[in-house]
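Computation of the quantities below employed the complete heavy-atom set of this structure, encompassing side-chain atoms and omitting hydrogens, waters and symmetry-equivalent molecules. Owing to the predicted nature of the structure, the values given are computational and were not obtained by experimental measurement.
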Amino acid sequence: NYPDNREIVESIVYEAGKDNHIYFRIPALTVTKKGTILAFCEARNTKADFYEGNEDKFPVVPVGSTKDLGDIDLAVKRSTDGGKTWDNMITVVDDYDNTCGNPAPVVVESTGRIYLFWCWGRYPNQLESKFVSSTSDGHTRRVFYCYSDDDGQTWSTQYDLTSRLKKAIGVGMLQDLVMVFKSSLLLKRDESLFQLTIGIMVIRTIILILSILMTTVLPGNWEEERR
């Protein structure tokens, strides 16, 4: 037991072959303002190492490989009794055979809103997408988020953050790499210059990350919640 005599509860949340998916990976747990436990994960219908020879035990035929690419959805289960029992699985994100993964939930304590950040990847043979109309910007790996205002029971539309994150980071890092390359040419003549450039690169990266965190405006009164 815990020091305050709370009971330790063991329960199966996700089980391979259940909920119309082959297996589940990448769990993420959070507790809402109301005390509900939310268990997120990747609900995978990609090929697993244990699939061959056990095909009859699984509900679908896998699409994709064991290398995190293919038909991967994002799911959540809710528990209102401290993890003893779990509600039916809720599919938060499903984009055909494309990959929707790496769930990262954030609970806003002041309002109870739950944000879910996640990553998207196009499956090579899947031309359609519910969320991505074009990858002409070169980003076939993208960053999205959605949110819930009813304790994780339903979820908003998906918002694409890629242009706010990847573009800025890419340009800034490219400039820094050029600086490092140029300074490395002078390394034999002035080692302190090289060290100074490395220091500048680190500072620039920190400032860039902080600026993104401070200025990124998300729909749904994000700025108000941050205050």
Run the numbers on L38 and T30 for side chain to side chain contact (heavy atoms under 4.5 Å, CB included), then give the verdict.
-> CA-CA 5 Å; L38 300 183; T30 192; 4.0 Å; yes

Going by heavy atoms in the side chains, are F40 and W118 under 4.5 Å from each other?
-> no

So, the side chain of D95 versus the backbone of S129: is there a donor-acceptor pair under 3.5 Å, distance only?
-> no

Any W120 side-chain heavy atom under 4.5 Å of T135 side chain | yes

Can any side-chain N or O of D97 pair as donor or acceptor with the backbone N or O of L127 at less than 3.5 Å?
-> no

Please report the shortest heavy-atom distance between N98 and Y123, naming the atom on each side.
-> OD1-N, 2.9 Å

Pair Y159 + Y115: ring centers closer than 6.0 Å = no

Examine distances only and state if a side-chain atom of K84 and a backbone atom of S11 form a donor-acceptor pair shorter than 3.5 Å.
-> no

Can you check whether I37 reaches W86 side chain to side chain, under 4.5 Å on heavy atoms?
-> yes

Would you say V132 and V92 are hydrophobically clustered, going by side-chain heavy atoms of ILVMFWY under 4.5 Å?
-> yes

side-chain contact (heavy atoms from CB on, under 4.5 Å) partner of L116, chosen from P105, S148, S156 = P105

Report the C-alpha separation of F144 and W155 in whole Å, then their side-chain angles, then the decisive distance to 0.1 Å, and conclude whether the ring pair (Phe, Tyr, Trp, His ring centres under 6.0 Å) test is met.
-> CA-CA 13 Å; F144 281 83; W155 295 84; over 10 Å; no

Report the distance from atom OG1 of T140 to atom CZ of R122, rounding to the nearest 0.5 Å.
-> 8.5 Å

Partner of T99 under side-chain contact (heavy atoms from CB on, under 4.5 Å), picked from L74, D71, D73, L69, is L69

If you look at every heavy atom in G152 and I114, which pair is closest and at what distance?
-> N-CD1, 3.6 Å

Please report the shortest heavy-atom distance between T157 and C146, naming the atom on each side.
-> O-CB, 3.5 Å

Which pair of non-hydrogen atoms, one from A39 and one from V13, has the smallest distance, and what is that distance?
-> CB-CG1, 3.9 Å

Taking D150 for the side chain and Q153 for the main chain, is one N or O donor matched with an acceptor at less than 3.5 Å?
-> yes

With side chains defined as the heavy atoms from C-beta onward, is the minimum distance between Y147 and V108 less than 4.5 Å?
-> no

Validation row: Y23, T46 side chains within 4.5 angstrom (heavy atoms) | yes

From F24 atom CZ to R44 atom CZ, the distance as rounded to the nearest 0.5 Å = 11.5 Å

Decide side chain to side chain contact (heavy atoms under 4.5 Å, CB included) for V106 and Y145; before the verdict, give the C-alpha distance in whole Å, the side-chain angles of both, and the deciding distance to 0.1 Å.
-> CA-CA 10 Å; V106 177; Y145 81 94; over 6 Å; no

From H21 NE2 over to T91 OG1, what is the distance, rounded to the nearest 0.5 angstrom?
-> 5.5 Å

Determine whether D19 and K77 make a side-chain contact, defined as any pair of heavy atoms from C-beta on separated by less than 4.5 Å.
-> yes

Are any of the side-chain heavy atoms of K33 and T111 separated by less than 4.5 Å?
-> no

Will you find, in the side chains of T36 and D151, an N or O donor that is under 3.5 Å from an N or O acceptor?
-> yes

Are V76 and V107 connected, step by step, through hydrophobic side chains (Ile, Leu, Val, Met, Phe, Trp, Tyr) whose heavy atoms are closer than 4.5 Å?
-> yes

Heavy atoms only: give me the nearest F131-V93 pair and the separation to one decimal.
-> CE1-CG1, 3.6 Å

Interatomic distance, Q126 atom CD to Y96 atom OH [nearest 0.5 angstrom] = 7.5 Å

Please round to the nearest 0.5 Å and tell me the distance separating atom CZ of R141 and atom OG1 of T162.
-> 12.0 Å

Should D94 and C100 count as side-chain neighbours, where that means a heavy-atom distance under 4.5 Å?
-> no

N/O donor-acceptor pair under 3.5 Å between Y14 side chain and A43 backbone | no

Output for pair (I22 CD1, E55 CD), nearest 0.5 Å, gives 10.0 Å

